[in-house]
Each structure stands twice: as C-alpha cells, then as structure tokens.
Amino acid sequence: MSTAVVSEPSGFALPQGQLNVIKWNIYFGFAVLAVGVIMGLAQALSYARINVVQYYPVVKSYYQALTIHGVFNALVLTTAFANGFIALTTARGLGRKLNNALLHAALWTLFIGSILAAYAMFADKASVLYTFYPPLEAHWTFYLGLALVVVSTWITSAAQLAALRGWRKDHRGERVPLLAFMSIATYVMWDIASVGLAVEVVVFLLPWSLGLLPGVDPMLDRTLFWFTGHPIVYFWLLPVYVSWYGLIPKQAGGVLFSDTVTRVAFILFILLIPVGFHHQFMDPGVSQGLKFTIAAMTFAIFFPSLITAFSVMYALEIGGRRRGGNGLVGWFFKIPWSDPSVAAQVLAMIAFLIGGISGLMNASYTMDMEIHNTAFISGHFHQTVGCAVALSYMGIAYWLIPYFERRELWLPRLALFQAFLYFIAVMIFSNGLEAGGMEGLPRRTDMVHATYGLAAWKIPGIMTALGGTLMFASAMLFFLIVVMTIVAGKRTAQRDLPFTATVQAPPTVGWQPRLDRLSYWVLISVVLVIAVYGPFFLEHFPPSLSIQGLIYP
Ligand code: HAS
Ligand code: CU1
C-alpha cells in the first residue's frame, strides 16, 4: 500500500486576481460567523435561564438573535465559504482559472444579498428564524436578500461549468480530475436542490411581503422550503468532504484508496435529493405512504456518508501506518495530531460519526415523534453543521489563510488547543441539548421567559450553557489566530494546495468514465424528484386555490 500510482497534479498557480476574489469570500464568511457566534452565546445561556440578550446593542429579543444566528451561520457563512473554497478546488483541480468576472459577480451578489437580509433582521423586521415559515412574515428585503444569496451560488456554478466545458475541449478522452469532479458535483447537486427555495421565495414570499399576494399557503411553502432544506445540509457538508477526500489524505501522509468509490459517493448525493419530507414527519397534510417512502430513502442517504467514513478512515490509516503506527489502532495515534489543520478535521470527523447516529434517530419515524421540535434536533445539527462542518472550516482555514497571505500560521499550538477546545465544547453542548430534548425540552423557545419547566431540564440546560460558552471562547480564539496570521504571521513563499493522490489512476476505458457524465445523474435525479414530489405539488398547485382556503392577511 506504499506506492501511489497517481502522483500529485503538476504545479499550477492561480493568478492573484482570482485568489483575491476567492479570499474575500472566505473572509466575508468568517466575519459573518463572528456576529453569528455572539448571538449563539445568548441562545446557549438562555437554556440555563441566563439572559444576556438584554445587554446586546440593537438586538431586542431571543427570537431576533436566533434568526441572526441561524441565517448568518447556516446560510451566509456556508454559502460564502462554499463559493470561495469550491471555486478554488475546481480551478486547482482542472488546472485552469475560472471566469473572474463571474466570480466577482457572485461575490457582490452574495454581499448585497447578505446586507439586505441583515438590514431586515437587525431592524427587527424579520424575526422569523432561518426557516422563515409562513405565516410568519418578514420584510421584503429579507426575502430578496436570501434570494440573492442563492443567486450567488448559481453564478459560481456557471463559472465552474464553463471552466469544465473548456477543460473538456482541451482534454478529450481524459477523466475529469477528482478534485474538480467532487467540487462541480457539489454545485450540480445544489443547483437542483435550490430550486424549491427559489420558488418559495420568489413566487410566494417576496410578492406576499410586498403586498402583491393576499396570502400564502403555509403547507406548500414549508414543503418547498424542505425540498431545499434537506439537501442544503449537503451543500454545507460536501465542501468539507472535498477537503476530507481531496486534501486530508495528503496532509496526513496517506493516499485516497479509490477514485471510483469517491465519485460514486458524490453522485449518490445528487441522486438522493428528494428526502426533505423527513423534516415534515409530524406535519399534517402529507400522506403516511409518502412519509414511509421518505423514511426509507433517508436511510439510503446514509450510504454515501458511510462510504466516506470508510474511505477517509482508510486514507488516515495509510498515513498513520506510514508514520510508524502499528496494530489495530496504533495508526490512529500516529496521524499528525500536532498539525492543527489535520487535528481539527479529524476531530470534526469524530463529531460527525456521532452526529450521523443522531441523524439516524431523527430519520426513524417513531423516534422522531419523541424528539421533533425539541432541543434534541439542535443537538444533532450542532454535531453536524456546528462541528463537523464548522470545525472543518477552521481546520481548512489553518492552511488556507497562510496560503492566501503567504504567511505562516500564527501560534500553531494555540490553534491546536482551539480545535480541541471547540470539539470538547460541542460535545458538552450537544449532549446537554440531546439529553434535554429526550425529556421534552423545546427548541426555539425563549427559556428565560418561559413560565414552565421540568426538573429534568436543569442539568442539560447547564451543560448546554457551559458547552456553548466554551464554543464561544474557542471561536474567539479562532478569530484571533486568523487575524494575527494575516497581520503578523511570518512571511513564506507561495505554496500549493495539499493535494492528495489516489492509489489507482481512474480508468479511461470501461464503465467508469461514464461516472463523469454529470448530465446522466442530473437526469435521474430530476426523475426521482418528480416521482417523489410530483403528486404532492399537483395536489397543491395552482397555489391560488390553496390561498383561497388559507388567507393570512
Ligand atoms: Fe440532519 C434535522 C436526518 C445529516 C443538519 N439536520 C437537521 C437539521 C439540521 C441538520 C440543521 O431524518 C434541523 C433543521 C431544522 O432547523 O429543523 N441528518 C439526518 C440524516 C443524516 C443527517 C439521516 N444533518 C446532517 C448533516 C447536517 C444536518 C450532514 C449538516 C451539515 N436531520 C435528519 C432528520 C432531521 C434532521 C430526519 C429532521 C428532524 C426533525 O424532527 O426535525 C445523515 O446524512 C447522516 C449520515 C452520517 C454518517 C456519519 C459518517 C461519518 C463520517 C466521519 C468518518 C470519521 C472518520 C474519523 C474517518 C453516516 C463521514 C476516524 C476516526 C476514528 C474514530 C477512527
Ligand atoms: Cu434532512
């Protein structure tokens, strides 16, 4: 297992202009995160009935803070990071730059969209949470802003697809390089997935908020939301998978064992888009048969992540064994734990193992009846997006920012401490939420002002507050390290991305080259979407009929 047949792609450096636009996406995302985590501290402390929102300037209520927290962290940060990071991995993977005008357009669209949404939230005109279910209504700038955030991803996708087309012309008969394939597949998945949200916002919520529609159909809009709201979690996760598959093996001194298996995992994410109904197990108006089908499909969406767990663990094992680790588990201790970028991401993987199990619990219909709308769900998604994804972003930042700035990481040992602190903090925090959730502790509820409570919520509430405070402290350390690296890191020469090699070259004959034909997978995905969602939408369109029954003035 020691020789890799595919060596690293030959050197290719992106022009500075392109690096700059990519860099500003990432920096913008982290700036937004900084605001988001300040709001998060208030939410965590509220579970111990400690009111800190009252001391915040501008922000007036728990719900306003929670909306800012969710929109900034889960929608804006993730989009900014994906737009930047995936543009980088696509360009580096293909060995050609993307259209810079398109990348600039995407950045500005994202920026303006975020400002519009932020205005509505900070002006207290959009305390509708990040799922913005009607009949809760927000100011029109909120909806327009979020629509622009989505448009920025489409522009990024167009830049990728244009580059892929150019690459194909110059490389007939060749396989699409793996790093680029993963990156483009991520956005192709999202292009299909984002349509639900776009229709919800542009066709219904925006006109409604402008007074052009008398009302909206909450059932239809929730369904459109979750059509996107499920696969959006993979839009957050897959850029991290690009790192786990494409970069971490190299950083850990290993190689990736199978090119084909990796491509198949990404393709499965494109195919298994229509499972959003598992967020609506408790909704009326969705048939039992549909709920059953979706429960089964949700178990299927487990597979690409199980494949990932296996592949990435194996790559780490190769790395650990090359570094002298022996026996069943010895390799695990020999992966480069002193490298904060690797340590943060391996810790993120461990969090995801746990988060994946809690996802399985949510997906189990009868279990979900117990925990839906409780703090258990917040526990689940802080293990997944709040740790697997966020801690991976931090780990990636620990090489990416030195790469952008041509500087060494400032105090790597502090960065290592930060990563471990964040991991431990999330474990305490999410355990508190999950334990409370199993006792019925509600999510999205201002516990400071609640006039009820159970004794069984007390200890979980304290764990949540403690864990959340430690998460906040760790996040502040992260920002300190980022800023200090930018202003005071030791100067170095330009480096390349930590690009991985695979054990075998991707075959250019046989059936495997067909994996690269993304249009096949898009077609099958669209057919599946129609099969699952078609009957529901047929029943609920034309919307005017639904509106007549359900007018919310
Ligand atoms: Fe989820 C609700 C089911 C994954 C995020 N999820 C949410 C919400 C969010 C969210 C934000 O079925 C709340 C939405 C709201 O506000 O209401 N989720 C799942 C399932 C998965 C899953 C089956 N979720 C995610 C990911 C997220 C995320 C990823 C964000 C990034 N989720 C649900 C359901 C609900 C839900 C229901 C609705 C519940 C309700 O009642 O409202 C699966 O995709 C998970 C698969 C994961 C695995 C783990 C693989 C592990 C890997 C790491 C390998 C480790 C290594 C380390 C290599 C199978 C890849 C080596 C280490 C050693 C120890 C050696
Ligand atoms: Cu989901």
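Counting starts at 1 for both ligands and their atoms, in listed order. All residue numbers in this chain count up from 1 along the given sequence.
Of all N/O/S atoms in His278, NE2 sits nearest the Cu ion (ligand 2). Atom ND1 is the N, O or S atom of His230 at the shortest distance from the Cu ion (ligand 2). Atom 1 (Fe) of ligand 1 lies closest to atom NE2 when only the N/O/S atoms of His380 are considered.
Which parts of ligand 1 touch Ala363 is read off a 4.0 Å heavy-atom cut-off, strictly below it: atoms 12 (O), 37 (C). Each of the following atoms of ligand 1 lies closer than 4.0 Å to a heavy atom of Tyr130: 11 (C), 14 (C), 15 (C), 16 (O). Each of the atoms 11 (C), 30 (C), 31 (C) of ligand 1 lies under 4.0 Å from some heavy atom of Trp236. Listed by number with element, the atoms of ligand 1 under 4.0 Å from a non-hydrogen atom of Leu237 are 29 (C). The contact set between ligand 1 and Ala309, taken as ligand atoms under 4.0 Å from a residue heavy atom, comprises 51 (C), 52 (C), 54 (C), 58 (C), 60 (C).
Contact annotation: Phe277 has no heavy atom less than 4.0 Å from any atom of ligand 1. Ligand 1 is never approached by His230 to a heavy-atom distance shorter than 4.0 Å. Remark: distances from the non-hydrogen atoms of Val346 to ligand 1 are all 4.0 Å or more. Within the structure, the closest approach of Phe299 to ligand 1 does not fall below 4.0 Å when heavy atoms are considered.
Scanning the protein heavy atoms around atom 44 (O) of ligand 1, the nearest turns out to be Tyr234 OH, 2.5 Å. Nearest to atom 34 (C) of ligand 1 among the protein's heavy atoms is Asn362 CB, 3.2 Å. Closest to atom 56 (C) of ligand 1 among all protein heavy atoms lies Met349 CB, 3.5 Å. For atom 42 (O) of ligand 1, the closest non-hydrogen atom on the protein side is His372 ND1, 3.1 Å. For atom 13 (C) of ligand 1, the closest non-hydrogen atom of the protein is Phe381 CD2, 3.4 Å. Taking atom 29 (C) of ligand 1 as the reference point, the nearest protein heavy-atom neighbour is Phe352 CE1, 3.5 Å. In this structure, the protein non-hydrogen atom closest to atom 2 (C) of ligand 1 is His279 CE1, 3.4 Å. In terms of protein heavy-atom proximity, atom 41 (O) of ligand 1 is closest to Asp368 OD1, 2.4 Å.
Here CG of Leu256 is found 14.0 Å from CH2 of Trp244. Values are rounded to the nearest 0.5 Å. Rounding to the nearest 0.5 Å gives a distance of 10.0 Å between CG of Asp283 and CH2 of Trp226.
Considering only non-hydrogen atoms, atom 26 (C) of ligand 1 lies nearest to Thr384 out of Ile354, Thr384, Val389. Scanning Gly356, Ser358, Gly359 for the heavy atom closest to atom 45 (C) of ligand 1 points to Gly356. Of the candidates Ser305, Ala265, Gly70, Ser305 brings a heavy atom nearest to atom 46 (C) of ligand 1.
A centroid separation of 6.0 Å or more is found between the aromatic rings of Phe376 and His380. Taking the six-membered ring for Trp, Phe269 and Trp190 have ring centres at least 6.0 Å apart.
A side chain to side chain contact (heavy atoms under 4.5 Å, CB included) with Phe429 is found for one member of Thr469, Thr464, Leu470 and no other, namely Thr464.
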